[in-house]
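Please read these numbers as outputs of a predicted model, since none were measured by experiment. Below, read A as the first sequence line, B as the second, and so on, with proteins coming before strands; counting in each chain starts at 1.
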There are 2 protein chains.
Amino acid sequence: MSKAIQKFSRQREAIYKNLSSRYDHPTAEQIYLDVKAEIPSLSLGTVYRNLSQLCTDNRLQVFNCGGIEHFDANTDNHYHFFCESCRKLYDTNSDTFKFIDDESENLNVGQVRTHNLMFYGTCKNCL
Amino acid sequence: MSKAIQKFSRQREAIYKNLSSRYDHPTAEQIYLDVKAEIPSLSLGTVYRNLSQLCTDNRLQVFNCGGIEHFDANTDNHYHFFCESCRKLYDTNSDTFKFIDDESENLNVGQVRTHNLMFYGTCKNCL
DNA sequence: TATAATAATAGTAACGATTATCATTATTAC
DNA sequence: GTAATAATGATAATCGTTACTATTATTATA
């Protein structure tokens, strides 16, 4: 079973465009509500399906935080900070990526594809 | 509302004892099935409630992996490797903790309480 | 440009992990 | 022993996500 040819979809591109324009690492639900304003017929299932597909195509990345998936159109190496008070996600300026990536080679656990580093605490606003 | 006094519970200690004796980072369901052999009346809700309580008391740690909570009675600083094929979790010998912990001070995002580093890939068995 | 093939959709049902509820039971302080 | 209350077991409810299916949109080709 080779992978099916992908057809253009207005919904998919609207979802991608929405995610690309924001920096708050939204959930599927948040993207859904936002894009629905533009495409009222939009279905939540369509959002999930396309986010998953965009992720497979490496046009975005996902990370699970607090049991919920958060999406990020920035696929560059960077880490996140989760505020346990307001539950918002922030980008960090952590530059340990290369360091940890190098270490991945020596973990002796198997083949490391990627890694994810998440910081937890209380953001400036909430302090 | 001050925190309620905690009473002894056979179930809670059995759950903690079970988790302490294993190194496979089980889910609540797995702990439930295991402890139920010893306490047949055990309820899944009781397992969740006590795991959450033990976590608050810092007797164990949780991390969400693949959308599911995994528990670990080893509260020492260490990181994990998740095999995307068999979906098992392994401890790693990564020793970047101090390095990342130091960096936490300089993130300029607020107050960092802790961090979590997770590696993803394919384990030796599955390769 | 019509037609045929099929990918994508909307709507909804189903699912799995977790949390909440509540009457009953166990622990503890007196 | 008795009263106060924390913890339990059973089950219902919730929430994020996935699966299903009839219909619609896209695309290749005649």
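- Between the A:T46 side chain and the A:L42 main chain, no donor and acceptor come within less than 3.5 Å of each other.
- Overall, the helix from C:dT1-D:dA30 to C:dC30-D:dG1 carries an axis bend of 30° between its ends, with five pairs at each end and the value rounded to 10°.
- Between B:N116 and B:Q61, the side chains place no donor N or O within less than 3.5 Å of an acceptor N or O (distance only, hydrogens not considered).
- Not one N or O on the side chain of B:E105 forms a donor-acceptor pair closer than 3.5 Å with the backbone of B:D102.
- Both B:S9 and B:I68 lie near DNA chain C, and the one whose nearest nucleotide falls closer to the 5' end is B:I68.
- Per the geometry, CD belonging to A:E29 stands 14 Å off P belonging to D:dT18, to the nearest Å.
- Residues B:F8 and A:A28 both approach DNA chain D. Their nearest nucleotides, taken by heavy-atom distance, put B:F8 toward the 5′ side.
- Considering only residues two or more places apart in sequence or on other chains, B:F99 meets the ring pair (Phe, Tyr, Trp, His ring centres under 6.0 Å) condition with A:F99.
- Residue A:I5 contributes atom CD1, which lies 9 Å from atom C1' of D:dA28 at whole-angstrom precision.
- Listed by chain and number, the residues in a side-chain hydrogen bond (donor to acceptor under 3.5 Å, both in side chains) with B:Q111 amount to none (sequence neighbours excluded).
- Atom CD of B:E38 and atom P of D:dT8 are 14 Å apart (whole Å).
- Taking the side-chain hydrogen bond (donor to acceptor under 3.5 Å, both in side chains) definition, one finds that A:R12 meets it with A:N50, A:Q53, sequence neighbours left out.
- Under the side-chain hydrogen bond (donor to acceptor under 3.5 Å, both in side chains) criterion, B:S94 pairs with A:E103, B:T96, not counting sequence neighbours.
- Rounded to whole Å, the distance from OH on B:Y48 to C1' on D:dG9 is 16 Å.
- Residue pairs meeting the side-chain hydrogen bond (donor to acceptor under 3.5 Å, both in side chains) criterion with at least one partner in residues 118-127 of chain B, sequence neighbours excluded, are A:N108-B:K124.
- In this structure, A:Q11 atom CD and D:dT23 atom P are separated by 18 Å, rounded to whole Å.
- Rounding to whole angstrom units, OH of residue A:Y32 and C1' of D:dC15 are separated by 15 Å.
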Name every donor-acceptor pair, under 3.5 Å, that has one atom in a side chain of residues 73-81 of chain B and the other anywhere in the protein, sequence neighbours excluded.
from: B:N74; atom 1: OD1; to: B:D76; atom 2: N; distance (Å): 2.9
from: B:H78; atom 1: ND1; to: B:D76; atom 2: O; distance (Å): 2.7
from: B:H78; atom 1: NE2; to: B:D72; atom 2: OD2; distance (Å): 2.9
from: B:H78; atom 1: NE2; to: B:H80; atom 2: NE2; distance (Å): 3.0
from: B:H78; atom 1: NE2; to: B:D91; atom 2: OD1; distance (Å): 3.2
from: B:Y79; atom 1: OH; to: B:H115; atom 2: NE2; distance (Å): 2.5
from: B:H80; atom 1: NE2; to: B:H25; atom 2: NE2; distance (Å): 3.3
from: B:H80; atom 1: NE2; to: B:D72; atom 2: OD2; distance (Å): 3.1
from: B:H80; atom 1: NE2; to: B:D91; atom 2: OD1; distance (Å): 3.2

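- Here the range on DNA chain C touched by chain B, meaning any atom under 4.0 Å from one of its heavy atoms, is C:dA17 to C:dT28.
- Not one N or O on the side chain of B:S52 forms a donor-acceptor pair closer than 3.5 Å with the backbone of B:Y48.
- The CZ-P distance, from A:R87 to D:dC15, rounds to 14 Å in whole Å.
- Residue whose closest nucleotide on DNA chain C sits further toward the 5' end, between B:H70 and B:Q6: B:H70.
- With rounding to whole Å, B:I39 atom CD1 is found 15 Å from D:dA7 atom P.
- Sequence neighbours left out, the pairs with a member in residues 59-70 of chain A that pass salt bridge (charged side-chain N to carboxylate O under 4.0 Å, His left out) are A:E13-A:R59.
- Here the NZ atom belonging to B:K88 is positioned 7.0 Å from the SG atom belonging to B:C126, to the nearest 0.5 angstrom.
- Listed by chain and number, the residues in a side-chain hydrogen bond (donor to acceptor under 3.5 Å, both in side chains) with B:R87 amount to none (sequence neighbours excluded).
- In the region residues 13-23 of chain B, proximity to DNA chain C at under 4.0 angstrom, judged on heavy atoms, holds for none of the residues.
- Closest approach of B:I31 and B:I15 over heavy atoms only: CG2-CG2, 4.1 Å.
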Write down the protein N/O and nucleotide N/O pairs, taken from nucleotides 10-13 of chain D, whose separation is under 3.5 Å; answer none if there are no such pairs.
from: D:dA10; atom 1: N7; to: B:S43; atom 2: OG; distance (Å): 3.2

